[in-house]
Enquirer: 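First, the structure itself, so that you have it in front of you.
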Number of protein chains: 2
Amino acid sequence: MAAAFAAIGGKWKLTLLYWLGHGESHFAGLRRRSAPITPKVLAEQLRELEADGLVERVATGPVPAPVIYRLTPYGSTVLPVVEGVRVWGEEHLRRSPAAGTPMSCVNAIA
Amino acid sequence: MAAAFAAIGGKWKLTLLYWLGHGESHFAGLRRRSAPITPKVLAEQLRELEADGLVERVATGPVPAPVIYRLTPYGSTVLPVVEGVRVWGEEHLRRSPAAGTPMSCVNAIA
DNA sequence: CTGTATCCGTGCCGATACTG
DNA sequence: CAGTATCGGCACGGATACAG
């Protein structure tokens with residue numbers, strides 16, 4: 001429980017994993033899709049995901065060239081979990097629409 | 001995503017839901033099983049879970065009498081999600097045993 | 001036994017600005 | 001484009017003590 005939470009418990013990690021589950025992406029792409037995340041936080045969360053072996057960075061050439069982020073095979077194993085959370089979250093929204101707004105830590109709509 | 005995180009993203013909520021999924025329990029029982037949670041935080045998290053309709057309090061008599069907490073029918077719908085997270089967390093522990101110790105927010109072993 | 005009150009530390013996140 | 005640097009805030013969680 002706690003271990004899982006440590007790996008995917010960041011504010012944006014589920015969102016990032018969700019988008020990466022839809023295909024690899026570069027920094028700016030993730031930033032756009034996960035707005036309004038700041039570059040600093042995005043870099044932090046990506047580095048943590050990378051440290052946990054869920055995500056890998058692949059450089060595509062000499063700078064300036066987009067750096068691609070993609071799920072590792074291991075990272076793909078969380079997708080069902082992420083999807084489960086997402087689906088339940090939608091149900092929860094339908095049940096109590098207020099859930100989307102009043103929270104402080106709720107900005108991303110994945 | 002964000003809505004789900006708001007509902008179950010507290011530090012102890014997954015753990016509490018897990019235990020409650022194993023049967024209703026009283027305050028002290030939850031406190032013991034979720035050690036080292038403090039009474040203040042336990043009360044907070046339970047109240048939030050209650051506000052989200054996942055958990056209900058039932059008084060069993062005049063004080064001093066144990067107050068029972070149990071999942072609502074709606075609360076039961078998160079159990080699959082919780083279980084998914086838990087199972088993945090175990091896998092993750094096996095893969096990187098370090099995940100259990102270095103994190104700051106990792107005390108509960110559910 | 002079931003909580004509440006008070007105080008406090010800090011982890012997490014954010015804004016802004018800057019660099020290769 | 002892909003980040004890093006610096007600074008700051010504040011909500012969240014925690015310790016301890018007390019109360020019905």
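Letters A, B, ... are given to chains in the order of the sequence lines, protein chains preceding strands, and every chain is numbered from 1.
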Enquirer: Take the protein atom NZ of B:K11 and the nucleotide atom C1' of D:dA11, then report the distance between them rounded to whole Å.
Expert: 14 Å
Enquirer: Mind checking B:R57 for me? I need base, sugar-phosphate or nothing, with any heavy atom below 4.0 Å counting as a touch.
Expert: sugar-phosphate
Enquirer: Students often get this wrong, so: under 4.0 angstrom with heavy atoms, is B:E48 touching a base, only sugar-phosphate, or nothing?
Expert: nothing
Enquirer: Just compare D:dC1, C:dC13, D:dG13 and give me whichever is closest to any side-chain atom of A:P66.
Expert: D:dC1
Enquirer: Any side-chain donor-acceptor pair under 3.5 Å between B:T77 and A:W88?
Expert: yes
Enquirer: Return the set of residues passing side-chain contact (heavy atoms from CB on, under 4.5 Å) with A:L79 (not counting sequence neighbours), or none when no residue passes.
Expert: A:L71
Enquirer: Provide, to the nearest angstrom, the distance between the CG atom belonging to A:L42 and the P atom belonging to D:dA2.
Expert: 10 Å
Enquirer: Which is true for A:R31 with a 4.0 Å heavy-atom rule: it touches a base, it touches only sugar-phosphate, or it touches nothing?
Expert: nothing
Enquirer: Whole Å only: how far is the CZ atom of A:F5 from the P atom of D:dG13?
Expert: 8 Å
Enquirer: Decide yes or no for A:I68 and A:R57: does some side-chain heavy atom of the first lie under 4.5 Å from some side-chain heavy atom of the second?
Expert: no
Enquirer: Counting only side-chain heavy atoms from C-beta out, which of C:dG14, D:dG13, C:dT2 sits nearest to A:V41?
Expert: C:dG14
Enquirer: For the side chain of A:T38, starting at C-beta, report the closest nucleotide among C:dT2, C:dC13, C:dG14.
Expert: C:dG14
Enquirer: In whole angstrom, what separates B:R32's CZ from C:dG3's P?
Expert: 15 Å
Enquirer: If you take all heavy atoms of A:S34 and A:W12, which pair is closest and at what distance?
Expert: O-CZ3, 3.3 Å
Enquirer: If I take atom CG in residue A:L14 and atom P in nucleotide C:dC12, what distance separates them, rounded to the nearest angstrom?
Expert: 15 Å
Enquirer: Heavy-atom nearest nucleotide on DNA chain D for B:P39 versus B:Q45: which residue maps closer to 5'?
Expert: B:Q45
Enquirer: Check the phosphate of C:dC1 against B:Y69, side-chain N and O only, distance under 4.0 Å to OP1 or OP2. Yes or no?
Expert: no
Enquirer: Decide yes or no for A:L20 and A:R70: does some side-chain heavy atom of the first lie under 4.5 Å from some side-chain heavy atom of the second?
Expert: no
Enquirer: Of the nucleotides D:dT4, D:dA2, C:dT2, which one has an atom closest to the side chain of A:F27?
Expert: D:dA2
Enquirer: Atom CD of A:E44 and atom C1' of D:dC7: how far apart are they, to the nearest Å?
Expert: 13 Å
Enquirer: From CG of B:L46 over to C1' of D:dG13, roughly how many Å is that when rounded to an integer?
Expert: 15 Å
Enquirer: Where the side chain of B:K40 is defined as all heavy atoms beyond and including C-beta, which of C:dA5, C:dC13, C:dA17 is the nearest nucleotide?
Expert: C:dA5
Enquirer: May I have the distance from A:R47 (atom CZ) to D:dA2 (atom P), rounded to whole angstrom?
Expert: 15 Å
Enquirer: Would you say A:H26 reaches D:dA2's phosphate, i.e. side-chain N/O to OP1/OP2 under 4.0 Å?
Expert: yes
Enquirer: Of the listed nucleotides (D:dG3, D:dG13, C:dC13), which one gets closest to any side-chain atom of B:W12?
Expert: D:dG13
